[in-house]
Colleague: 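Just dropping this structure here.
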2 protein chains.
Amino acid sequence: MIHLTMRQLRYFDALARLGHFGRAAEACAISQPALSMQIKEMEDALGGVLLERNARQVVLTRFGEQLAERVREILRSVDELGDFARASRDKLTGRLRLGMIPTVAPYLLPKVIGDLTRKHPEIDIHVRESKTPKLIEELVEGRLDAAIVALPVSEPSLTEVALFSENFLLVRPPEYEGTAVPNSESLREMRLLLLEEGHCFRDQALSFCNMQAPREMLDASSLSTLVQMVGAGMGVTLIPEMAVGVETRSASVSLARFAEPQPQRSIGMVWRKTSPLAKQLMQISEIVGGAAESLRKQAAAGQGRKRRS
Amino acid sequence: MIHLTMRQLRYFDALARLGHFGRAAEACAISQPALSMQIKEMEDALGGVLLERNARQVVLTRFGEQLAERVREILRSVDELGDFARASRDKLTGRLRLGMIPTVAPYLLPKVIGDLTRKHPEIDIHVRESKTPKLIEELVEGRLDAAIVALPVSEPSLTEVALFSENFLLVRPPEYEGTAVPNSESLREMRLLLLEEGHCFRDQALSFCNMQAPREMLDASSLSTLVQMVGAGMGVTLIPEMAVGVETRSASVSLARFAEPQPQRSIGMVWRKTSPLAKQLMQISEIVGGAAESLRKQAAAGQGRKRRS
DNA sequence: CATGTTCATCAGATAATCTTATCGTTACGA
DNA sequence: TCGTAACGATAAGATTATCTGATGAACATG
C-alpha cells in the first residue's frame with residue numbers, strides 16, 4: 001500500500017504550479033532541500049518520475065501533469081473540510097478569502113470591511129483585487145471563497161446573487177458644465193477614454209456606446225487615472241456611480257447623468273455551489289448589499305450638498 | 001489555515017468505520033493512545049467534536065458523520081493515485097484486490113491465480129470471497145479493484161464485462177440415475193434444496209423454477225453442503241456446471257442435464273468506471289475468461305471419462 | 001463492591017522532517 | 001575557454017511529530 005502524506009501532496013502541488021524548486025519551497029515556507037526530498041520520496045512511492053529536471057527549468061512529465069490535476073482536486077477537498085467544519089459550527093468565523101474587481105473594490109471595500117468586522121469580529125478577511133476572469137478561475141479552483149463581480153458570470157459551477165445595480169455617469173471637462181447630455185449615439189463622436197483591456201467595465205462602457213473597438217490607444221489602468229485624464233481635457237469618460245464620490249472630489253470635471261434608460265451594470269457576489277460556506281456567504285452577501293445601499297444614500301446626500309454650494 | 005495530515009484522515013476513517021478506539025488502532029497497526037491523540041488533534045484543528053465518547057461505545061456526531069463521508073471520498077482519491085501511477089507505468093504489477101462470489105470462487109480461483117501469477121509474476125493478488133451486494137459496495141467504495149459476480153449488476157458507476165455462461169445441472173440422489181429429467185414445472189413438486197438467503201445463485205435457481213419462496217427452511221451455506229444433503233436423500237438441488245467436478249467427485253449423487261433451453265447464468269467481471277486500472281483490468285478479465293474456458297474443456301473431458309467407466 | 005472495559009493522559013523513545021552547508025551540473029557572458 | 005551565477009541534489013546534525021507502554025478515570029456489570 002502506497003503511503004503518501006499530505007505534505008508531499010502540498011509540496012508537489014506548489015511545485016507543479018510554480019515549476020521551480022526554490023520558489024515552491026518559499027511558497028511552502030520551507031527550505032529548498034526539504035522540498036526536493038519530499039518530491040523524491042513521492043516519486044519513489046509512486047514509482048514514477050514526476051518532473052524532468054532540465055537545466056534551467058523544471059517541467060512536469062505527462063504522468064506528473066495528470067497526477068498534479070488529481071492532487072489539486074484532493075487538496076481542494078481537504079481544504080474544504082476546514083470550511084465545512086466552520087460552517088457546521090454555524091458561525092461566521094475564520095478566514096474569508098474575498099475577490100473583488102478593481103472598479104468596485106476601492107469604493108465598496110472600506111465600508112464592507114467595516115461592516116463585516118463590526119458584525120462578526122471573529123472574521124478574518126483577505127481581499128484580492130483582480131479582473132473578473134482571474135477571480136473566477138481562483139474561485140473555481142478553491143483559492144477564493146467568494147468574489148464580487150459584475151453579473152452575469154454564467155459559470156455553471158457557481159452560485160450568483162445580485163447585490164445592487166449602479167448607473168454610469170458621464171465625466172467631461174469642466175467647461176461642458178450645463179451643456180446638454182449626449183445620448184449614446186453622439187457619444188460615439190466624442191473622444192471616449194477607457195480602461196485598459198480586460199476590465200469588465202471597459203466592455204460595459206463600449207457596449208453602451210455600441211462601439212466595437214477604441215479608435216486610439218489611450219487606455220487607463222484605473223478610474224482615477226481616467227478622471228484625471230478628463231480633467232486634463234483629453235476626452236470624456238464614463239464612471240460607475242459608486243466611484244463618483246471618491247474620484248471626482250478633487251478633480252475639476254463636470255459630471256452629468258444620462259437620460260433614461262441610464263446605462264448601468266449589475267454587481268453581484270458569486271461562490272462555488274459546492275462551498276460548505278454557502279449559508280454564511282449568503283449572509284455576507286446581505287451585509288455587502290447593505291453596505292452598498294448605505295453608500296448610495298450617503299452619495300446622494302453629498303451630491304445634494306454639492307449642487308447647492 | 002487548517003493543517004490536517006493524511007494520518008489523521010486515515011485514523012479517523014478507521015475509527016468512523018469501526019466505532020471503537022482499540023479496534024481502529026489495531027486496524028491501523030498502532031497503539032490506542034496514538035489514535036486517541038491524532039483524533040484529538042483533528043478535533044482541535046477542526047474546532048469541533050467528531051465523536052461522542054459515551055461509556056461503552058463511541059458514536060459519531062452529526063458533524064463527524066458528515067466529515068467521515070468526505071474523508072472517505074478523499075482517501076479513495078488518494079489511494080487511486082497509487083493505482084493511477086501503476087497504470088501509467090502500463091504494466092500489470094502490484095496489488096490487485098479481487099472479489100468473487102462464493103459459488104464461483106472455489107472452482108475458478110485456483111486456475112485463475114495460477115494463470116495470473118504465471119503471466120504476471122509481479123502481481124500481488126488479494127482475493128475476498130463475499131456475496132454480491134457486499135462485493136459491489138466494497139468495489140464502489142474503492143476497497144476492491146474488481147469483482148467477479150453474476151451479471152447483470154446494473155450499477156451505473158461500474159463497467160461490466162461478460163466472462164462466460166454456465167449451465168445449471170440437476171443433482172439427485174443416486175437412485176434416480178437414468179430416470180427422466182424433470183422440467184422446471186415438475187421441479188416445483190420436488191423437494192428443492194437451496195443456498196441460504198443472500199446468495200445470488202439461490203435466486204437464480206428459484207427464478208428458473210418460477211418459485212417465489214422456499215417451502216422449508218433447509219438452506220445450506222455452500223454448494224458442497226447442498227450436494228452432501230442430496231447424497232443423504234434430503235432432496236434435489238441445482239449446481240452450476242463449474243462446480244460439478246469438485247463437488248460431485250466424492251458424493252454419491254446422480255447428475256442430470258436439463259433439456260434445452262438449459263437454465264444458466266452469466267458470470268462477469270466488474271470494476272469502477274473511473275478506475276485508473278481499467279486497461280489492466282480488461283486484460284485480466286481476458287485471462288480469467290480464458291481460465292474458465294480451459295476449466296470447461298477439462299470438465300468435459302472428465303465427464304467423458306466418467307460416462308465411459 | 002469488586003471487576004473488566006474503554007478512552008484519556010503522561011513520559012520517554014523512536015521516526016519523520018527540517019535546516020544549514022556543500023556539491024555537481026549547466027547556461028551564459030567576458 | 002574560463003569564471004560566474006542559477007539551480008537542484010546530497011549529507012549531517014537538529015528539531016518536531018508521532019509512537020509505545022504504563023497508568024488513570026469513568027462507567028457498566030455481575
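Letters go in sequence order (proteins before strands), and every chain restarts at 1.
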Colleague: Which whole-number value in Å describes the distance from B/Arg23 CZ to C/dT5 P?
Modeller: 11 Å
Colleague: Which whole-number value in Å describes the distance from A/Phe21 CZ to D/dT10 P?
Modeller: 11 Å
Colleague: Rounded to whole Å, how long is the line connecting atom CE of B/Met42 with atom P of C/dA8?
Modeller: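 After rounding, the reported distance stands at 14 Å.
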Colleague: Check the distance between D/dC27's C1' and B/Glu52's CD and give it to me in whole angstrom.
Modeller: 16 Å
Colleague: Nearest whole angstrom, please: distance from the P of D/dT18 to the NE2 of A/His3.
Modeller: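 Taking atom P of D/dT18 as the reference, NE2 of A/His3 is at 11 Å.
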Colleague: Rounding to a whole Å, what distance do you find between B/Met6:CE and D/dA17:P?
Modeller: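 My rounded result for the distance is 18 Å.
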Colleague: If the condition is ring pair (Phe, Tyr, Trp, His ring centres under 6.0 Å), which residues does B/Phe21 pass it with, not counting sequence neighbours?
Modeller: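 If we apply the ring pair (Phe, Tyr, Trp, His ring centres under 6.0 Å) test to B/Phe21, skipping adjacent residues, there are no hits.
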Colleague: Would you please name every residue forming a salt bridge (charged side-chain N to carboxylate O under 4.0 Å, His left out) with A/Asp79, sequence neighbours left out?
Modeller: A/Arg10
Colleague: C/dC7 P sits how many Å from B/Glu26 CD, rounded?
Modeller: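 Rounded to whole Å, this separation is 13 Å.
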Colleague: Measure from CD on A/Glu43 to P on D/dG8 and round the result to the nearest Å.
Modeller: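 So the CD-P distance, A/Glu43 to D/dG8, works out to 13 Å.
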Colleague: Would you indicate, yes or no, if D/dA9 has its OP1 or OP2 atom less than 4.0 angstrom from a side-chain nitrogen or oxygen of A/Arg53?
Modeller: yes
Colleague: Indicate for each nucleotide in nucleotides 9-23 of chain C, in 5' to 3' sequence, whether protein heavy atoms under 4.0 Å reach the base (B), only the sugar-phosphate (S), or nothing (-).
Modeller: B-------SBBBB--
Colleague: Sequence neighbours left out, what passes ring pair (Phe, Tyr, Trp, His ring centres under 6.0 Å) with B/Phe201? Give chain and number order.
Modeller: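 Only B/Phe168 meet the ring pair (Phe, Tyr, Trp, His ring centres under 6.0 Å) criterion with B/Phe201.
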Colleague: It should be established whether B/His20 places a side-chain nitrogen or oxygen under 4.0 Å from OP1 or OP2 of nucleotide C/dC7.
Modeller: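 For C/dC7, OP1 or OP2 has a side-chain N or O of B/His20 closer than 4.0 Å.
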Colleague: Check salt bridge (charged side-chain N to carboxylate O under 4.0 Å, His left out) between A/Glu41 and all other residues, then give those that pass, not counting sequence neighbours.
Modeller: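 Partners of A/Glu41 under the salt bridge (charged side-chain N to carboxylate O under 4.0 Å, His left out) test: none.
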Colleague: Sequence neighbours left out, what pairs pass side-chain hydrogen bond (donor to acceptor under 3.5 Å, both in side chains) with at least one residue falling in residues 21-36 of chain B?
Modeller: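 Output for this query lists B/Gln32-B/Ser36.
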Colleague: State whether the number of non-hydrogen atoms from other residues, nucleotides or ligands found under 6.0 Å of B/Lys273 atom NZ is greater than 12.
Modeller: yes
